[in-house]
Asks: 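Next up is a structure, given as structure tokens.
Counting begins at 1 with the first residue of the sequence.
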Amino acid sequence: MSVMYQKVALIGLGLIASSMARAMREHGLVGTITGHARSAETRETALEIGLVDSVHDTAAEAVKGADLVVLCVPVGAMGVIAAEIAPHLASGATVTDVGSVKRAVIDAVGPHMPEGVHFIPGHPLAGTEQSGPRAGFATLFTNRWWLFTPLENTDPEALARLKSLVEAMGANTDDMPPDHHDLVLAVVSHTPHLIAYTMVGVADHLRRVTHEEVIKYSATGFRDFTRIAASDPVMWRDVFLTNKEATLDILGRFTEELFMLQRAIRMGDGEVLEDYFSRTRAIRRGIIEAGQDTDAPDFGRGPKKDA
């Protein structure tokens with residue numbers, strides 16, 4: 001496959017960035033890859049395992065001459081990074097991000113983007129609970145959705161080029177208004193993560209069930225909760241603080257549903273419970289039929305490897 005970008009700068013070298021680097025290299029999609037991470041250890045590891053061709057102590061140095069810059073840092077850090085790199089961005093370059101929240105990223109990054117630079121917010125719906133440069137793998141994006149929230153003045157050619165890149169990495173692409181994106185993600189990702197963190201926290205505080213019993217007798221339901229709750233705490237802190245309204249809205253609706261089920265259990269209303277579980281089970285079947293998961297559990301959500 002032909003080279004789509006001559007130089008790509010990855011700002012932040014965790015799971016998503018490392019998976020992008022591996023996928024781009026595997027398919028021959030880019031010329032060179034530069035990188036930056038706040039941690040010196042992360043920078044050294046990325047260079048050691050060949051994730052990037054060069055690594056830099058500052059984001060400003062990493063983006064010089066790049067025709068594609070990908071912001072792979074927590075949402076709360078996007079604005080600071082954007083301000084740092086803005087004077088060093090090449091004219092005609094595309095800047096995108098992989099943040100799980102879009103309105104806050106647009107508000108934080110957009111004002112810093114200079115004239116002649118294409119800012120196209122994005123979000124790959126892919127990941128595992130693992131983090132760091134060694135956690136990535138080239139097939140992470142295969143058959144996963146990569147959403148874009150183009151701005152009113154987004155250049156259609158720049159958008160098409162960026163979509164071609166992520167599609168070549170195996171992803172499906174779609175466009176979505178930023179506020180609608182944040183509401184959808186509050187349903188399918190943000191609130192489920194908050195519930196998972198809460199359920200694991202409940203087990204931790206329930207002194208009648210010992211820590212050893214929770215681990216030893218963990219069934220698949222709780223095991224899935226612990227997998228989700230093992231995700232990066234900083235990233236999820238920023239997600240909830242920057243997508244507050246949508247998350248609180250969905251969390252309120254969840255609480256109402258929970259009270260309804262609580263009443264059905266208390267009243268012994270098996271008909272209500274069975275009907276509710278049947279309707280929600282159908283959603284799970286739909287996810288499998290859409291190719292977004294399988295019947296077989298995969299708690300690691302990705303291949304195991306050393307590098």
Asks: Taking all non-hydrogen atoms of both residues, which atom of Asp238 and which atom of Ala77 are closest, and how far apart?
Replies: OD2-N, 4.3 Å
Asks: Begin from the C-alpha positions of Thr154 and His118 and carry the test side-chain contact (heavy atoms from CB on, under 4.5 Å) through to its verdict.
Replies: CA-CA 7 Å; Thr154 294; His118 309 292; over 6 Å; no
Asks: Quick one: pull up CD1 in Ile106 and CD1 in Ile120 and give me the separation to the nearest 0.5 Å.
Replies: 11.5 Å
Asks: Donor-acceptor check, side chain of Arg43 to backbone of Arg38, threshold 3.5 angstrom: yes or no?
Replies: yes
Asks: How close do Glu26 and Ala138 get, heavy atom to heavy atom, and via which atoms?
Replies: OE1-CB, 3.5 Å
Asks: Start with the C-alpha distance between Leu13 and Val52, add both sets of side-chain angles, then the distance that settles side-chain contact (heavy atoms from CB on, under 4.5 Å), and finish with yes or no.
Replies: CA-CA 9 Å; Leu13 296 170; Val52 294; 4.2 Å; yes
Asks: Pair up each side-chain donor or acceptor in residues 175-183 with any protein partner under 3.5 Å, not counting sequence neighbours, and list the distances.
Replies:
unit_1: Asp175; atom_1: OD1; unit_2: Lys163; atom_2: NZ; d: 2.9
unit_1: Asp175; atom_1: OD2; unit_2: Lys163; atom_2: NZ; d: 3.2
unit_1: Asp179; atom_1: OD1; unit_2: Arg103; atom_2: NE; d: 3.1
unit_1: Asp179; atom_1: OD2; unit_2: Arg103; atom_2: NH2; d: 3.4
unit_1: His181; atom_1: NE2; unit_2: His123; atom_2: ND1; d: 3.0
unit_1: Asp182; atom_1: OD1; unit_2: Lys102; atom_2: N; d: 2.8
unit_1: Asp182; atom_1: OD2; unit_2: Arg103; atom_2: N; d: 3.1

Asks: How close do Thr96 and Pro121 get, counting heavy atoms only, and between which atoms?
Replies: OG1-C, 4.0 Å
Asks: Restricting to non-hydrogen atoms, name the atom on Leu29 and the atom on Ala23 that form the minimum distance, rounded to 0.1 Å.
Replies: CD1-O, 4.4 Å
Asks: Trp145 and Asp174: side-chain contact (heavy atoms from CB on, under 4.5 Å), yes or no, with the steps?
Replies: CA-CA 7 Å; Trp145 287 98; Asp174 205 356; 3.9 Å; yes
Asks: Distance check, rounded to the nearest 0.5 Å: Leu159 atom CG versus Ser164 atom OG?
Replies: 9.0 Å
Asks: Between OG of Ser18 and CE of Met20, what distance do you get to the nearest 0.5 Å?
Replies: 10.5 Å
Asks: Identify all side-chain donor-acceptor contacts of residues 256-274 below 3.5 Å with residues at least two apart in sequence or on another chain.
Replies:
unit_1: Glu257; atom_1: OE1; unit_2: Tyr276; atom_2: OH; d: 2.6
unit_1: Asp269; atom_1: OD1; unit_2: Glu271; atom_2: N; d: 3.4
unit_1: Asp269; atom_1: OD1; unit_2: Val272; atom_2: N; d: 3.2

Asks: For Glu245, which residues count as a side-chain hydrogen bond (donor to acceptor under 3.5 Å, both in side chains) partner, sequence neighbours excluded?
Replies: none
Asks: Just by distance, do the side chain of Ser189 and the backbone of Leu185 share a donor-acceptor pair under 3.5 Å?
Replies: no
Asks: Would you say that Ile81 contacts Glu84 through its side chain, given a criterion of any heavy-atom pair below 4.5 Å between the two side chains?
Replies: yes
Asks: With sequence neighbours left out, write down each residue that passes ring pair (Phe, Tyr, Trp, His ring centres under 6.0 Å) with Tyr5, or none if nothing qualifies.
Replies: none
Asks: Do Arg144 and Asn172 make a side-chain contact, defined as non-hydrogen atoms from C-beta onward lying under 4.5 Å apart?
Replies: no
Asks: Hey, could you give me the CD/CG distance between Glu167 and Leu162, rounded to the nearest 0.5 Å?
Replies: 9.5 Å
Asks: Report the distance from atom CG of Leu10 to atom NE2 of His36, rounding to the nearest 0.5 Å.
Replies: 12.0 Å
Asks: Begin from the C-alpha positions of His112 and Val117 and carry the test side-chain contact (heavy atoms from CB on, under 4.5 Å) through to its verdict.
Replies: CA-CA 10 Å; His112 298 291; Val117 170; over 6 Å; no
Asks: Test your reading of the model: is there a side-chain donor-acceptor pair from Ser19 to the backbone of Leu140, 3.5 Å cut-off?
Replies: no
Asks: If we ignore hydrogens and angles and just use 3.5 Å, is the side chain of Asp53 paired with the main-chain N or O of Ile33 as donor and acceptor?
Replies: yes
Asks: Closest heavy-atom contact between Pro124 and Ile16?
Replies: CG-CG2, 4.2 Å
Asks: Got a sec: does the CZ of Arg25 have more than 12 other heavy atoms crowding it under 6.0 Å?
Replies: yes
Asks: Can you give me the closest heavy-atom contact between Asn243 and Ala186, atom names plus distance?
Replies: ND2-CB, 4.0 Å
Asks: With a cut-off of 3.5 Å and sequence neighbours excluded, list every side-chain donor-acceptor pair involving residues 63-75.
Replies:
unit_1: Lys64; atom_1: NZ; unit_2: Glu61; atom_2: OE2; d: 3.1
unit_1: Asp67; atom_1: OD1; unit_2: Gln6; atom_2: N; d: 3.4
unit_1: Asp67; atom_1: OD1; unit_2: Lys7; atom_2: N; d: 2.9
unit_1: Asp67; atom_1: OD2; unit_2: Gln6; atom_2: N; d: 2.9
unit_1: Asp67; atom_1: OD2; unit_2: Arg161; atom_2: NH2; d: 3.4

Asks: Return the CE to CE distance between Met4 and Met24, rounded to the nearest 0.5 Å.
Replies: 11.5 Å
Asks: Quick one: list whatever passes ring pair (Phe, Tyr, Trp, His ring centres under 6.0 Å) with Phe119, sequence neighbours left out.
Replies: none
